[in-house]
2 protein chains.
Amino acid sequence: MTDAKLDEILDRLDADLPQAIDRLMGFLRIPSISTDPAHDADVQRAAEWLRDELVGLGFTADIRPTNGHPMVVASTPQGTERTLLFYGHYDVQPVDPLHLWDRPPFEPAVEDTPAGKVIRGRGASDDKGQLMTFLEACRAWKAVHGELPRGLTLLFEGEEESGSPSLIPFLEEHRDELSQSLALICDTARYADGRPAISTQLRGLVGEEIIVRGADRDLHSGSFGGLAANPIQILCNALAALKDKDGTVTLPGFYDGTTDLTDTQRRDWEGLDFDAAEFLQRVGLKHPVGEKGRMPLEMVWNRPTAEINGITGGYTGDGFKTVLPAEARAKVSFRLTGTQDPAAIRKAFRDHVRSFLPEDCSVEFAEHGGSPASVMDVSDPAFVAAREALGQEWGREAVFIGMGGSIPVAGDFKRLLGMDSLLVGFARDDDRIHSPNEKYDVESFAKGARSWARILAALR
Amino acid sequence: MTDAKLDEILDRLDADLPQAIDRLMGFLRIPSISTDPAHDADVQRAAEWLRDELVGLGFTADIRPTNGHPMVVASTPQGTERTLLFYGHYDVQPVDPLHLWDRPPFEPAVEDTPAGKVIRGRGASDDKGQLMTFLEACRAWKAVHGELPRGLTLLFEGEEESGSPSLIPFLEEHRDELSQSLALICDTARYADGRPAISTQLRGLVGEEIIVRGADRDLHSGSFGGLAANPIQILCNALAALKDKDGTVTLPGFYDGTTDLTDTQRRDWEGLDFDAAEFLQRVGLKHPVGEKGRMPLEMVWNRPTAEINGITGGYTGDGFKTVLPAEARAKVSFRLTGTQDPAAIRKAFRDHVRSFLPEDCSVEFAEHGGSPASVMDVSDPAFVAAREALGQEWGREAVFIGMGGSIPVAGDFKRLLGMDSLLVGFARDDDRIHSPNEKYDVESFAKGARSWARILAALR
């Protein structure tokens, strides 16, 4: 594509911005809260709004029923270029507590703030505003080229905010239709300081629940203390021994499959000037814990963790009871990186806990999810092209970053459809997604659409 | 006292047994549940019943008001002999769940059972039946001698089953009246196999609650895992390090003041043929834990413990949340022996926990009781005399045993009134005190009264 054509598209987007915002406002007025059955009809209405918008743009589009809320699927004719699957979600989070909103959450408006204009309303950032950046780019593309970009499939989910129960069956059922050479996901944020970013690695997760059982009833510590096994003590012993005093996880083979930073990653991440002390200070802490000798960003993005997420046992009410409890419970999760194997880590953890168990005590384990890390193949030229395109739009170099958490859909695309995901989003850390007064910067919206136009051009 | 006089008292007790049981029945019919305000008038009525009984027997007796339920105090004229304070309590436990009783709990009856006759009803064993053994011994004594034993003071509490809130102020206020050379407490059981026993040492207790705090809010383990301190992990690390792998408590100075068994104790306790495996099997366990190289009974009676009684932190509901919690809590208690100092142990524990705390986390401690062990001076000839008297009555040697739990009143008598306690009781392990279908063996009642007659004679 010539630079002149791209410039024309970008100019078109700029000129059309007021109308684009108006369209987004219409979308935001639909309270498509997927987790609340009282809003089922609204979720359906949002799917219809989206389908109509896509059809109006020239896509072939329809609403596909699931056991829950429907999927909206759209496509353009196949071309000779790389085929792409765009993903977004049209459902939103609940709005409680309502009294903390400065305006009704489903009566969106553009507001002036000291940091610039923002679009205020539930879903403005997560994910209606973000997904509309892609549709606006397609609209301008069509205006200039006379047709939509070829080789595009679009998938919009209506259950992302309620656990995506229908996603995996739907991907399995429509594998042929949805498998493309690369997925584009617009549901992430720019880096903390606002520079454009592509999330190229997401940590995986293993969740385990443990119940240690001793005596068949709660015992009195006067009668039995000193003789009878205490399940809380056994649990604490096993959990304390999960890490050595340097914060290294002690499970045999735990670090198999982890990788050190590449030189490029190290240079990129050092360039982000991440201030761990400042980051922790925001939540009342000061010092990074965890493994020694690692960069803080490396610890959150490229190193695995073992964390105790919950523990309970014995008497926990007011006052005191000298009980030796019959059981104690904990929930433990591991964040995985590289090619760490969830099944192997689960087994090593269970063996570890069992090794602390006296012969007359027992342990029960319950599995709560297990998925490997998602690590994109950044040697794919698409990543370099997208990075350059973003850099041109934002006037500063785009960075390949990691994410400490998981984005399950990216893992599902890899596992079920065999494709990597280019995770590009324009949200900001302060967008208050999932909270009252959610907003999306007008800059995020306008330059987001321009960014997609550049990326689509670069990937042609 | 001549043997003939004692024999006469014992014969008198035997002949009077049916009437003694009738008297006890009258006492048991009063539902003096001290913890339930609906029974306040009944508790008062039980105090009056007891006062009238004592006056009828020739004691000077009155009801003394407190901020809660009253005390009943009685006395005989001073003599030249050793002065004694007898203690019992006239209140009883609640009776829930009522449907598990085979008869109305306050309509007592003598029942035939395969193991012999029993008196069934709430309070039969704890403590109305036990305290009446002493009154019946006094009654027979008076019938034979023409007067009550001199130098006796009797104290009956009405709040023992509801935490004894008025006891300490009452002891402080009536220190001169109540301080005698020895206390007799009838609120314990015979040894497990039924042989008579005197409890000569009771473990003390230090209770501590700990709250470890990290970030000022719950954090997402995806964003912060690997960087931010986890209060549950800190708590587990501190609690696991409380003991080494042999079960020895690691706090500096923890064992200061503990004593090894005397040769006599070791021989006595070995003679009890305590089967730890059988004892644990009853609650579904098999193996004694705790310090190596100690007799099981020694571990429960003469060794201190550190036990975690409760723990809670993070997400403990159904399912899973990958939260790094802002705080975690535990309740920990220590059982003390010998002259271990509660204050020193509390300080050592707090120092230990603090040593696990990163600089940006904090810990709060709350004190839940602290009392040293009660160790009676068994070189007092009264102990030997009482032991011999019990042996004569029961036809088998009485033993000096320990108790793993505390009997707070014994500690209070020592601390506030400066006297040791001779803890002699006739209850059985299977008396179901605090449970439905409480009972007291008629043998316990009959031979209990005879035992007190012998002990009173021996202490003259």
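Chain A is the first sequence line, chain B the second, and so forth, proteins listed ahead of strands; every chain is numbered from 1.
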statement: Nearest heavy-atom contact between A:T322 and B:S333 is CG2-OG, 4.2 Å
query: chain B heavy atoms under 4.5 Å from A:K245: which part of the residue, side chain, backbone, both or neither?
result: neither
field: Heavy-atom pairs under 4.5 Å with chain B, option from A:T316, A:I234, A:V323, A:I308 with the top count
entry: A:I308
message: Please rank B:G369, B:P304, B:A326, B:C236 by heavy-atom pairs under 4.5 Å with chain A and give me the top one.
response: B:C236
message: Looking at chain A, which one of B:P296, B:G247, B:G319, B:A241 has the largest number of heavy-atom pairs inside 4.5 Å, strictly under?
response: B:G319
- request: Look at B:G214, B:G284, B:G226, B:C361 and state which one has the largest set of heavy-atom pairs under 4.5 Å with chain A.
  value: B:G226
- prompt: At their closest point, which heavy atom of A:A229 faces which heavy atom of B:L285, and how far apart are they?
  reply: N-CD1, 4.0 Å
task: Over all heavy atoms of both residues, which pair between B:V300 and A:S223 is shortest? Give the atoms and the distance, please.
output: CG1-O, 3.4 Å
query: Under a 4.5 Å heavy-atom cutoff, which of B:L202, B:N230, B:L235, B:D218 has the most pairs with chain A?
result: B:N230
field: Top contributor to chain A contacts, counting heavy-atom pairs under 4.5 Å, from B:K286, B:M299, B:H368
entry: B:H368
query: Can you check whether B:G317's main-chain N or O pairs, donor with acceptor, with A:K331's side chain at less than 3.5 Å?
result: yes
field: Segment of B:R335 engaging chain A (4.5 angstrom heavy-atom cut-off)
entry: side chain
Over all atoms of both residues, closest heavy-atom pair of A:A240 and B:A240: CB-CB, 3.5 Å
- request: Step by step, work out the side chain to side chain contact (heavy atoms under 4.5 Å, CB included) result for A:L227 and B:V289.
  value: CA-CA 5 Å; A:L227 267 193; B:V289 295; 5.9 Å; no
task: Counting only heavy atoms closer than 4.5 Å, note whether A:L219 contacts chain B via side chain, backbone, both or neither.
output: side chain
- prompt: Side chain, backbone, both or neither: which part of B:R329 has a heavy atom under 4.5 Å from chain A?
  reply: neither
message: Less than 4.5 Å to any heavy atom of chain B: does that hold for the side chain of A:K321, its backbone, both, or neither?
response: backbone
statement: Cut-off 4.5 Å, heavy atoms of chain B, and the answer for A:P325 is side chain
message: Please check: side-chain N/O of A:Q233 versus main-chain N/O of B:L239, any donor-acceptor pairing under 3.5 Å?
response: yes
- prompt: Side chain, backbone, both or neither: which part of A:E208 has a non-hydrogen atom closer than 4.5 Å to chain B?
  reply: backbone
- request: Take A:T312 and B:I311 through the side chain to side chain contact (heavy atoms under 4.5 Å, CB included) test and state the conclusion after the steps.
  value: CA-CA 5 Å; A:T312 182; B:I311 192 166; 5.7 Å; no
query: Quick one: CG on A:N309 to CD1 on B:I232, what's the gap to the nearest 0.5 Å?
result: 7.0 Å
query: When heavy-atom pairs shorter than 4.5 Å are enumerated against chain B, which of A:G225, A:S406, A:G405, A:G290 gives the highest number?
result: A:G225
query: Quick one: of A:V332, A:L242, A:L324, A:D216, who has the most non-hydrogen atom pairs under 4.5 Å with chain B?
result: A:D216
Distance, nearest 0.5 Å, that separates CG of B:L205 from OG of A:S221: 7.0 Å
task: Give, as side chain, backbone, both or neither, the part of A:R282 having an atom under 4.5 angstrom from any heavy atom of chain B.
output: backbone
- prompt: Can you tell me how far CG of A:D360 sits from CG of B:L280, rounded to the nearest 0.5 angstrom?
  reply: 7.5 Å
- line: Ranking A:H287, A:R217, A:M403 by heavy-atom pairs under 4.5 Å to chain B gives rank one to A:H287
message: Less than 4.5 Å to any heavy atom of chain B: does that hold for the side chain of A:R303, its backbone, both, or neither?
response: neither
query: Taking B:A366, B:G314, B:P288, B:G313 one by one, which has the highest count of heavy-atom pairs under 4.5 Å against chain A?
result: B:G313
task: Could you pull out the closest heavy-atom pair between A:G207 and B:F320, with the gap in Å?
output: CA-CZ, 3.9 Å
